[in-house]
Each structure stands twice: as C-alpha cells, then as structure tokens.
Amino acid sequence: MSDSSDDLPLSRLNHQTVVRNRAEGVVQISDKGKGTRKKMRRASCHDSGSDGEISAMKRKKMKSAGNLRSGHNESAGNKKVIKPKELMRVQRVEQGIAAFEWWNSPDPPEGKAWQTLEHCGMTFEPQYKPHGVAVLYDGVPISLTPYQEELATFYAAMPEDGPQLNVSGGQREIFQRNFWDDWHKVLGKSHAIKSFDKCDFSDISKHLDRLKFVKRAASDAEKVVARELRDDCQLRSGYAILDDHLEKVGNFRMEPPSLFRGRGKHPKTGVVKLRVEPDQVSINCGASRPPPICLELGRSWGEIKHDDTVTWLSTWHENVMQSNKYVMLAANSSLKGKSDFKKFQKAMQLKGCIERVRHDYHKNLKSKDRHLKQQATTMWLIDTLALRVGGEKSEEEADTVGCCSLRVEHFTFHKTGKDVDLEFLGKDSILFKQSIDFAGFDEHGQQAYDNIREMCRSKKKNEQVFELIEPTSLNAHLSSIMPGLTAKVFRTYNASETLQNQLPDAEHVIEMRSIGDKLIAYNEANRIVAILCNHQRTVSAAAATGLEAQAEKLEQTQEQKIAATAAYEAATIKKREANKSKQAEAHRFSKLPDEKDVSRRIDIWTEKIKKLEIDLRNKEENKEVSLGTSKANYLDPRISVAWCKRCDVPIEKLFSRP
DNA sequence: ACTTAGACTTGGAATAATATTG
DNA sequence: CAATATTATTCCAAGTCTAAGT
C-alpha cells in the first residue's frame with residue numbers, strides 16, 4: 001500500500017482496467033499494468049464452517065465465486081469443457097469485493113465506524129436541456145424559460161391515473177395545487193399563464209411518450225453503448241475504500257429534481273423537489289485520505305468533513321420534507337453486514353429474556369397505575385400483533401399511526417362476539433385491517449381487551465387510546481429490562497421466531513422429491529412472517545391478467561386430460577370388443593392408441609395439472625403479500641441457512657448475490 | 001424535561017436484468 | 001428468437017431511535 005499512486009483520489013483513476021488474477025486470487029485495479037494495487041484475500045472455496053454463529057451470515061454473503069469454480073470441476077468429468085460465462089468489468093470488481101471475509105475482519109475501535117475512508121463523492125445528472133414543446137394556455141402555445149419548462153415537464157410526465165393519485169380524498173387535486181403553487185411562483189405574477197385550469201400539458205406528454213418509445217426501440221448496439229456508459233460511471237464513482245478494502249456504494253447518484261411523490265394522503269405531494277448542486281453536498285472522508293474530486297466542471301463540494309463516528313459518505317438537505325439525505329455503502333457491504341448481524345444478535349438476546357419481559361407486562365396489565373397499565377397494553381399489542389411503535393407525526397405528513405399513536409376511531413367493538421376490528425393506516429399508508437379475538441391469543445388477551453375497551457371509553461374518536469405512552473418512554477422502560485432493547489426488536493424477534501416455528505422439520509422436508517417443493521415450503525414460512533408483519537403489495541393490472549391467464553391454462557390442461565381419458569377408455573373398449581369378435585379382426589384396430597401409451601400420457605397430464613395447481617395456488621396466496629421486505633430485513637439468515645443445511649437445499653436458492 | 005436534528009433501518013413501487021415459453 | 005414472466009436492483013419515502021440542544 002506504499003505505492004505513490006495510492007494517494008491519488010479514486011476519482012482520478014477513471015480509466016483504469018480491473019483485472020482479476022485467477023491463479024493468485026489477487027484483485028487489482030491497475031493503471032495499465034503499473035500503479036495502485038489492492039490485495040484481497042479470496043474467499044476459500046469450501047468454508048471452514050467452524051465458527052458456527054457467523055458462518056451462517058457468511059454463507060448468506062457468499063458469492064457465486066464458488067459456483068463458477070464448481071461448474072469448472074463438473075466439466076472436468078464431462079467431455080465438453082464448459083466455458084465460464086465471461087464477466088463484465090463491474091462483475092469482476094464485485095467478485096473481488098465479495099472475496100473479502102468481513103465477518104473475520106476486526107471491528108473498528110469502540111465508537112468508531114471506520115479508520116480510513118476514501119470515496120468518489122456523488123455523480124450528478126446533466127443540467128436540463130429544453131425541448132421547446134409548448135404548454136397550451138387556453139389553446140394558445142406559450143413559450144417558457146428553460147426552468148419554467150422543466151417544471152411543466154415534470155408535471156406532464158405524470159399520467160392522469162399515476163400512482164398514489166387515486167387515493168380517496170382527492171390526492172390528484174392536492175398534487176395539482178402543490179404543483180401550481182410552485183410553478184406559479186416560478187412563472188411570476190405578470191405571466192400570461194394565470195390559472196392552472198386553462199393549462200394543457202398534453203403536447204409535452206406526447207413528446208415524452210415519443211422519447212420513451214425511441215428508448216425502448218433502441219438497437220442492441222445502442223443498448224450496449226448505454227450499458228458501457230453506465231458501467232463506466234459505476235466503476236468511476238460507485239466504490240469506496242473503507243479500512244483498506246473495497247466496498248460498493250449504495251446510492252451515489254444524486255436524486256434528480258422532480259415533483260415530490262408522498263405516499264397515501266400526503267399533504268405535500270406535487271411540491272417541486274429542487275435540483276441539488278455539488279456545493280450543497282457535504283462530503284465525509286478520512287482525514288488521511290485525499291477527498292473526492294468534484295467531477296462537475298468548475299464546481300466544488302460544499303464542505304469536507306472527517307467524522308469517523310458515522311457511516312455516511314455524502315449528505316445533503318432535501319427541500320420538501322426538510323430532511324437530510326445520505327449516501328451510504330450498499331446493503332451488502334461489510335458495514336451493513338455487521339450492523340445486520342448485531343441486529344439479529346440483539347433479537348437472540350431478547351429470546352433469552354423474553355419470559356422476563358413478558359412477565360413484566362403481563363403483571364402490569366392489571367396495574368392500578370394508569371401509565372403502567374397503558375404501557376403494558378401497548379406492549380401486548382407490539383409483542384402479539386407485531387405492530388410498530390408509532391411515533392408522533394406532524395401535520396405536514398400523511399396521517400398514519402403505529403401502536404402508541406392509535407386512536408379510539410381505529411378500534412371497533414361489537415356488542416355481540418368478542419372480536420374487535422382494528423383498522424388503521426400504518427407505515428407507507430398501508431392498511432392494517434384485522435378482526436382480533438384478543439382472548440384467542442393468550443391468557444392475557446382478555447385483560448388487554450378489557451384495558452383497551454376501558455381506555456377508549458369517555459374519549460373522543462380522534463383521541464389517542466394510549467395518550468400517556470410515547471415511544472421514548474416505552475423504549476426507556478424496555479432498555480431498563482434489557483440493555484439496548486427497543487420496541488423495534490420485537491418485530492425482529494417475533495419474525496425470526498415465527499420463521500423458526502413455521503419451517504417444516506428436516507425429516508419431513510428431506511423426503512420431498514424436488515428442490516422446488518422444498519422452496520415452496522420455505523416460501524410458505526416466509527409468507528407467514530410477511531403476514532405477521534403486514535407486508536402488503538398492490539396487485540398490478542399486469543399481475544392480475546397474468547393470474548387469469550394461468551387459471552385458463554390450468555383449465556385447458558384439465559380438458560386435455562379429460563379428452564385423453566376418454567380416448568383411453570375408448571381404446572380399451574374397442575380392444576375388448578376386438579378380442580370378443582375373434583382375433584382375425586383385431587388387426588383393424590392396430591392403429592388405435594396403445595393402452596400403455598395412453599395411460600402414460602394421462603400420467604404426464606396429471607403431473608402437469610398438479611404442478612399448475614400448486615403454482616396457481618402459490619401465486620394466488622402471494623398476490624397481496626410482499627415477501628421481499630421480511631426476507632431482506634427480518635429473517636435471520638442463520639435460521640435460513642441452518643434449515644437449508646438440514647434439508648439439503650443449496651443456499652443460493654434462497655439468497656442470490658449481485 | 002422537552003424538543004429537534006441527525007443518522008440509520010425499513011418499505012413498496014418502478015425499473016432493469018434474466019429466465020422461460022410459445 | 002421474440003414475447004412474456006419472473007426476479008433482482010434501484011429508487012427514494014417513511015419509519016425508528018439516539019444524541020444534541022435548550
């Protein structure tokens with residue numbers, strides 16, 4: 001690491017080639033053969049597997065690097081030599097990154113996130129290029145300045161029935177009003193355009209559609225060029241060096257300006273999200289390393305910081321919600337991996353003292369102290385229904401709630417029956433709607449029910465049920481039971497616990513014939529977790545029609561089977577008849593389908609139908625459930641990997657790697 | 001003690017890449 | 001081999017939680 005070019009900023013090494021030396025297992029980013037050289041230990045082909053705990057995490061993070069080689073070995077037995085797929089430049093770099101065993105690397109000192117950090121800052125989209133297509137005002141084309149046109153184009157790009165705009169409560173109107181407020185300001189008081197209603201953006205919309213069409217119709221050669229450009233950008237700015245190893249950066253491209261798209265009934269939807277320039281961006285990098293060079297001609301970064309207690313590389317302020325945004329390392333980086341590992345470790349720690357925690361709130365459900373009683377009741381809900389804690393929100397955001405912010409109006413008690421309807425909009429305005437049989441959950445459910453009922457009494461509809469409880473106080477209480485325990489940990493813990501319980505036993509799984517059947521069993525457990533966490537997705541029009549088509553296909557296959565069965569029966573009958581009316585005539589039916597042949601074909605159809613049915617049922621059940629979130633954030637990979645090992649399922653069937 | 005800014009995880013949808021099928 | 005289905009990745013909003021400020 002003493003090469004002189006080591007001190008060259010990453011951003012300057014922009015036309016380098018990346019070479020992966022197979023024999024030595026060395027990854028180099030070399031400048032035409034000489035210069036910087038990053039050595040990395042290569043992931044060993046077969047994992048040592050001794051360090052039980054982490055080895056599972058490690059398996060999850062293992063890359064196809066191993067695959068490539070195993071593919072090679074197999075081909076040795078085969079006569080034909082299968083050439084490994086040629087890798088793109090980006091893939092080669094990322095294979096090198098994946099070879100780093102972060103789980104075996106030492107942690108930075110307490111309180112520090114890193115010791116050295118070098119990266120390339122952010123990239124920016126080119127400035128707006130006017131297209132000159134006019135907005136019609138009262139039927140008359142109006143010429144606009146480039147900036148005015150840019151905003152008009154943002155609006156024109158939004159289809160009439162665009163996402164989130166059909167939310168009941170007139171989101172389309174809010175969207176338009178917010179856009180008009182901002183655009184009107186930019187147009188100025190004396191502008192010819194005075195009212196939104198007379199504006200017609202359809203010419204711009206058509207222009208944009210044409211551009212989209214052209215892009216879609218691009219030739220293969222053009223697509224290759226586009227891909228090359230993207231790869232160049234990725235190689236130039238997409239990686240960081242943290243504590244002397246290469247890491248992938250997550251979102252190094254500056255968000256382009258646009259109209260803000262809040263979820264649900266967001267009061268700010270349609271507000272102009274401004275273009276952010278380099279001088280509004282702060283950079284965080286190691287003091288001993290050269291800071292990134294701003295690639296925008298004649299521009300520079302706003303501020304250079306050297307804060308080794310945080311993990312962000314760049315940050316800027318966003319004008320719509322007044323929030324900070326960050327560039328961080330990618331989800332599969334060592335930093336995120338370690339933090340992920342800690343999260344699941346904490347959940348395991350909760351497993352060790354869950355009895356104590358539950359005993360605590362079970363006891364307090366009957367407390368005379370109002371605060372304690374509310375606290376215990378919220379804990380019952382968080383632990384049992386996997387609700388989020390639910391902090392307070394401002395008027396400037398969509399009205400969504402979590403446990404602490406639940407209001408009387410979200411509960412519906414019925415005179416008959418013990419079920420309670422709980423209905424509210426949670427994170428991302430996703431609907432939570434369940435009929436809850438409190439007493440059915442555990443022996444404390446009845447008490448929780450009584451408490452909530454009592455807390456709702458004598459309160460107005462829009463008042464909070466647990467007005468004494470705030471996330472901070474709830475978390476403070478939890479931390480007093482177990483250090484570091486917060487409400488969020490319960491979701492992780494209960495998700496992991498559910499996965500563990502729902503995965504079928506190995507003895508049962510190992511009997512399954514195909515990997516496919518095993519994967520269905522895993523997905524089933526995954527789905528139960530997703531349902532617990534209320535991870536939903538909307539059924540797109542395309543998905544709905546796809547489902548219909550599949551149902552039709554199933555029906556067709558069934559018909560074919562019926563036809564085949566009929567043919568089979570006809571054949572047997574005729575054979576029997578032939579036998580009866582002497583052998584002499586039997587040759588007449590020699591062309592009839594052979595009995596065995598037909599019955600084999602029926603078997604094939606039966607198999608096919610079975611497969612289609614399973615497939616369809618699976619899809620139908622997954623239609624509104626999103627498995628991705630729970631898989632990415634809640635399922636402890638160690639549980640999944642252990643299950644795979646026991647059930648003889650290759651882990652890469654569950655976890656793909658970039 | 002209370003409020004707010006900052007930092008980081010979680011989340012669904014859009015989009016790109018890849019696999020499968022007709 | 002093109003059309004289509006499936007899967008992975010990107011995007012960026014929206015949560016949680018800690019720490020700093022007052």
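Residue numbers start from 1 in every chain, and the chains themselves are labelled A, B, ... in the order their sequence lines are given, proteins ahead of strands.
- Nearest nucleotide to the side chain of A:K336, out of B:dG6, B:dT10, B:dT9: B:dT9.
- The aromatic rings of A:F432 and A:F424 sit parallel to each other, their planes meeting at less than 30°, with 60° as the upper class boundary.
- Residue-level contact check: A:G391 touches the backbone only, with heavy atoms under 4.0 Å from sugar-phosphate atoms and none from bases.
- For A:K273 and A:L654, each mapped to the nucleotide of DNA chain C holding its nearest heavy atom, the one lying further toward the 5' end belongs to A:L654.
- Of the candidate nucleotides C:dA14, C:dT18, C:dG15, C:dA14 has the atom lying nearest to any side-chain atom of A:R263.
- Counting any heavy atom pair closer than 4.0 Å across all strands shown, A:Q536 reaches sugar-phosphate atoms only and no base atom.
- Of the N and O atoms on the side chains of A:D383 and A:Y361, at least one donor lies less than 3.5 Å from an acceptor on the other residue.
- Contact between the side-chain N/O atoms of A:Y634 and the OP1/OP2 oxygens of B:dT9 is not found at any separation under 4.0 Å.
- If you check every strand for non-hydrogen atoms under 4.0 Å, A:K268 touches nothing.
- Set against C:dA5, C:dT16, C:dC12, the side chain of A:V389 has C:dT16 as its closest nucleotide.
- Judged purely by atom type and a 3.5 angstrom limit, A:T384 has no side-chain atom pairing as donor or acceptor with the backbone of A:L381.
- Residue contacts for A:G628: at a heavy-atom cut-off of 4.0 Å it reaches no nucleic acid atom on any strand shown.
- Here A:G390 lies in heavy-atom contact (under 4.0 Å) with sugar-phosphate atoms only.
- Within the 4.0 angstrom heavy-atom criterion, no nucleotide atom of any strand lies near A:A398.
- If you look at A:F252 and A:H119, their ring centroids are not closer than 6.0 Å.
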